[in-house]
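In each ligand, atom 1 is the first atom listed, and ligand 1 is the first ligand listed.
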Amino acid sequence: MHKNFKNIDKVVFGRGSFSEMDSILAEKRSENNHFFLFVVDSYFSGKELASRIPAKPEDVVRFIDVDPHEPTTDQIDNLRDEILASKGLPSGVIGIGGGSIMDIAKAISLMFTNEGSSTLYQGLNLIKKPGIYHLGVPTISGTGAEVSMTAVLTGPVKKLGLKCDWTVFNQVILDPELIASVPVDKWLYTGMDTYIHCIESENGTLNNAYSHAYAEQALKLCREIYLDDKSGQTPENDEKLMVASMMGGLSLTYSEVGVCHALSYGLSKILGEKHCYANCLAFQHLEDYYGEGVAELKKMLKTHNVELPQDLSKTWTDEQITAMAEVAYNLPHMWNHAIGTDWKEKVTIETIMELYKRM
Ligand code: NAD
Ligand code: ZN
């Protein structure tokens with residue numbers, strides 16, 4: 001079966017492009033109840049960027065703390081209910097922040113027009129109606145959430161995205177100036193998410209010329225940023241990373257992620273670990289699956305003096321390890337891609353538990 005994917009409608013890229021937002025939004029202001037909802041990472045509260053948000057008096061600007069938990073279904077439902085009750089349907093929603101805020105903006109855009117709890121729509125093509133206009137402004141690069149067709153939410157039962165064509169942003173503003181303030185460890189972990197997206201996209205049955213072209217370019221950029229250039233977060237590297245993040249996301253969209261992401265979902269769901277960090281924790285032990293990639297990732301971390309903790313599994317209970325393995329096992333599309341359609345003959349819950357015990 002051929003995948004038929006929707007891309008972002010419009011993208012503006014370049015230093016200072018954040019300033020384009022006011023004119024971009026102008027033509028949308030007449031829609032619905034003539035106000036915008038801005039969801040902004042609380043890191044920016046009181047910072048210079050907050051004063052540059054082109055909000056009018058009728059708009060709602062909501063600063064959201066994305067630490068320590070990833071976005072939840074409750075969080076989306078409550079915010080949607082509150083805004084609809086107090087002001088009605090917005091003209092659009094603008095997300096300014098990292099993957100967490102990108103997902104919140106995408107999810108709430110859909111939930112403004114789809115009734116009931118967002119838990120009803122976790123999965124592929126369960127959303128019934130298009131959402132409202134939504135614009136994403138990433139401020140940390142790597143997850144590819146700015147380009148993906150999913151809005152990952154943690155609910156009472158599952159950590160799973162609202163995934164459909166309407167999830168994809170109508171507009172994205174890629175301004176590399178905005179990622180300059182990211183601390184070095186997060187710069188590494190989120191960048192490694194891009195790297196892992198590409199390695200996993202490339203190493204599996206769904207890899208194809210289209211996904212390969214994006215992965216190849218994104219990997220080249222990752223190597224330039226994290227290996228060749230030792231100077232770290234320079235303006236030039238910020239530009240490259242923003243583009244790599246998007247291309248990594250496009251690569252996996254047209255292919256699939258693999259073993260590392262399956263394990264990472266278990267770490268996030270059961271232990272609450274953040275996506276990119278969880279990926280790094282898992283990937284360092286996946287030599288059997290991605291030998292060269294693992295060696296290269298370790299080299300990148302070393303180059304920037306970031307060390308990953310070891311022997312974590314000693315602090316985990318058997319129940320936690322079993323629960324994580326079950327979460328990972330229940331992502332058949334990832335195993336299918338990474339191992340092949342006969343993956344169940346090669347990978348069992350016990351195999352996966354052993355992988356967690358390496359961590
Ligand atoms: P994040 O949004 O969770 O933010 C990580 C940290 O960086 C936070 O502390 C935040 O305040 C801080 N931060 C963000 N921008 C900053 C800046 N410019 N300067 C200083 N600090 C800054 O980070 P993330 O890793 O991009 O996103 C993780 C989330 O993305 C998870 O919830 C995960 O489930 C989701 N995700 C989604 C997709 C998708 O396709 N939708 C893909 C991968 C991950
Ligand atoms: Zn990822």
Side-chain angles (χ1 to χ4, degrees), residues 8 18 39-45 47-50 63-73 75-76 95-107 110 122 134 136-155 158-164 167-169 172 175-201 218 233 238 241-242 245-246 248-253 256-265 267-269 272-283 331 334:
I8 308 166
F18 186 81
V39 286
V40 187
D41 188 320
S42 60
Y43 167 82
F44 293 106
S45 176
K47 301 240 173 21
E48 193 242 342
L49 186 73
F63 289 99
I64 297 179
D65 187 355
V66 299
D67 295 318
H69 298 297
E70 300 196 327
T72 64
T73 49
Q75 192 180 11
I76 299 299
I96 304 173
S100 303
I101 292 285
M102 295 298 100
D103 284 349
I104 291 173
K106 292 195 279 187
L110 296 167
Q122 284 180 286
H134 49 308
V137 186
T139 64
I140 179 168
S141 288
T143 64
E146 65 277 20
V147 71
S148 76
M149 62 178 296
T150 186
V152 184
L153 297 180
T154 302
K158 7 181 197 191
K159 179 187 168 186
L160 197 61
L162 313 185
K163 190 169 181 183
C164 69
T167 312
V168 181
F169 278 114
V172 165
D175 184 343
E177 281 177 7
L178 306 187
I179 67 171
S181 55
V182 172
V184 66
D185 55 342
K186 290 176 185 167
W187 172 74
L188 235 327
Y189 298 141
T190 48
M192 290 307 100
D193 194 26
T194 291
Y195 180 79
I196 296 167
H197 289 159
C198 296
I199 298 292
E200 293 193 306
S201 167
Q233 290 162 281
D238 289 344
L241 185 56
M242 251 189 168
S245 173
M246 187 151 117
L250 287 167
S251 179
L252 77 84
T253 296
E256 190 48 85
V257 288
V259 180
C260 180
H261 273 72
L263 298 179
S264 163
Y265 268 56
L267 289 166
S268 296
K269 177 75 181 122
E273 297 291 1
K274 288 273 226 163
H275 178 82
C276 302
Y277 180 61
N279 273 339
C280 291
L281 290 181
F283 195 74
L331 293 163
M334 299 183 191

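- In this structure, Lys106 contributes its side chain and Thr150 its backbone to a donor-acceptor pair below 3.5 Å.
- Counting atoms of ligand 1 from 1 in the listed order, those under 4.0 Å from a heavy atom of Thr190 are 25 (O).
- Residue contacts with ligand 1: Tyr189 is excluded, as none of its non-hydrogen atoms falls under 4.0 Å.
- Protein heavy atom at the shortest distance from atom 15 (N) of ligand 1 is Thr139 OG1, 2.8 Å.
- Note: an N/O pair closer than 3.5 Å links Lys186 and ligand 1 by distance alone.
- A donor-acceptor pair is defined here as one N or O able to donate and one able to accept, closer than 3.5 Å; such a pair exists between the side chain of Thr72 and the backbone of Gln75.
- For the atom pair Ser268 OG and Asn279 CG, the distance stands at 7.5 Å (nearest 0.5 Å).
- Classified by interplanar angle (parallel below 30°, tilted 30° to 60°, perpendicular above 60°), the ring pair His275/His197 is tilted.
- No donor-acceptor contact under 3.5 angstrom links the side chains of Ser141 and Ser245, judged on distance only.
- Of the protein's heavy atoms, Asp103 OD2, 3.3 Å lies nearest to atom 35 (C) of ligand 1.
- For ligand 1, none of its N or O atoms has an N or O atom of Val66 under 3.5 Å away.
- Centred on the Zn ion (ligand 2), the NE2 atom of His197 and the NE2 atom of His275 lie at an angle of 160°, reported to 10°.
- In terms of protein heavy atoms, atom 39 (C) of ligand 1 is closest to Ser148 OG, 3.3 Å.
- Of all N, O or S atoms in Asp193, the one lying closest to the Zn ion (ligand 2) is OD1.
- In this structure, the side chain of Ser251 does not engage the main chain of Cys198 through any donor-acceptor pair within 3.5 Å.
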Could you go step by step and tell me if Met242 and Ile179 meet the side-chain contact (heavy atoms from CB on, under 4.5 Å) rule?
CA-CA 8 Å; Met242 251 189 168; Ile179 67 171; 3.8 Å; yes

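- The shortest heavy-atom distance from Lys159 to ligand 1 is under 4.0 Å.
- Between the Ser264 side chain and the Cys260 main chain, no donor and acceptor come within less than 3.5 Å of each other.
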In sequence, state the C-alpha distance, the side-chain angles, and the governing distance for Gln122 and Leu153, and then conclude on side-chain contact (heavy atoms from CB on, under 4.5 Å).
CA-CA 8 Å; Gln122 284 180 286; Leu153 297 180; 4.3 Å; yes

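- Contacts between Met102 and ligand 1 below 4.0 angstrom, taking non-hydrogen atoms only, are absent altogether.
- Considering backbone and side-chain atoms alike, His197 places every N or O at 3.5 Å or more from each N or O of ligand 1.
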Verify side-chain contact (heavy atoms from CB on, under 4.5 Å) between Lys159 and Glu70, making sure each step is shown before the conclusion.
CA-CA 10 Å; Lys159 179 187 168 186; Glu70 300 196 327; 2.9 Å; yes

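- Looking only at heavy atoms of the protein, atom 34 (O) of ligand 1 is closest to Glu70 OE1, 3.5 Å.
- Residue Asp193 has no N or O atom closer than 3.5 Å to an N or O atom of ligand 1.
- Which parts of ligand 1 touch Pro71 is read off a 4.0 Å heavy-atom cut-off, strictly below it: atoms 32 (O).
- When hydrogens are left out, the protein atom nearest atom 2 (O) of ligand 1 is Ser100 N, 3.0 Å; that is the closest non-hydrogen contact.
- Side-chain atoms of Glu200 do not come within 3.5 Å of backbone N or O of Val257 as any donor-acceptor pair.
- The atoms of ligand 1 that sit less than 4.0 Å from any heavy atom of Leu178 are 18 (N).
- A heavy-atom distance below 4.5 Å is not found between the side chains of Met246 and Pro138.
- In this structure the side chain of Val40 never reaches within 4.5 angstrom of the side chain of Lys47, judged on heavy atoms.
- Considering each of Thr143, Thr72, Val257, the one bringing a non-hydrogen atom nearest atom 43 (C) of ligand 1 is Thr143.
- Considering each of Gly142, Gly191, Ser181, the one bringing a non-hydrogen atom nearest atom 17 (C) of ligand 1 is Ser181.
- Using 4.0 Å as the threshold, Gly97 has no heavy atom nearer than that to any atom of ligand 1.
- Each of Leu252, Leu331, Asp193 was scored for a side chain to side chain contact (heavy atoms under 4.5 Å, CB included) with His261, with one residue passing: Asp193.
- The ligand atoms of ligand 1 that sit less than 4.0 angstrom from a heavy atom of Lys274 are 1 (P), 3 (O).
- Ring geometry for Phe169 versus His134: interplanar angle of 30 to 60°, hence tilted.
- The single protein non-hydrogen atom nearest to atom 44 (C) of ligand 1 is His275 CD2, 3.4 Å, given as residue, atom name and distance.
- For atom 12 (C) of ligand 1, the closest heavy atom belonging to the protein is Asp41 OD2, 4.0 Å.
- Considering only heavy atoms from C-beta on, Lys274 comes within 4.5 Å of Asp67 through its side chain.
- In this structure, of Tyr265, Tyr277, Tyr43, the residue bringing a heavy atom nearest to atom 20 (C) of ligand 1 is Tyr43.
- Contact atoms of ligand 1 toward Gly98: 2 (O), 26 (O) (distance under 4.0 Å to a heavy atom of the residue).
- In terms of protein heavy-atom proximity, atom 23 (O) of ligand 1 is nearest to Gly99 N, 3.8 Å.
- Of all the atoms in ligand 1, the ones that sit under 4.0 Å from a non-hydrogen atom of Cys276 are 25 (O).
- Considering backbone and side-chain atoms together, Asp67 places an N or O closer than 3.5 Å to an N or O of ligand 1.
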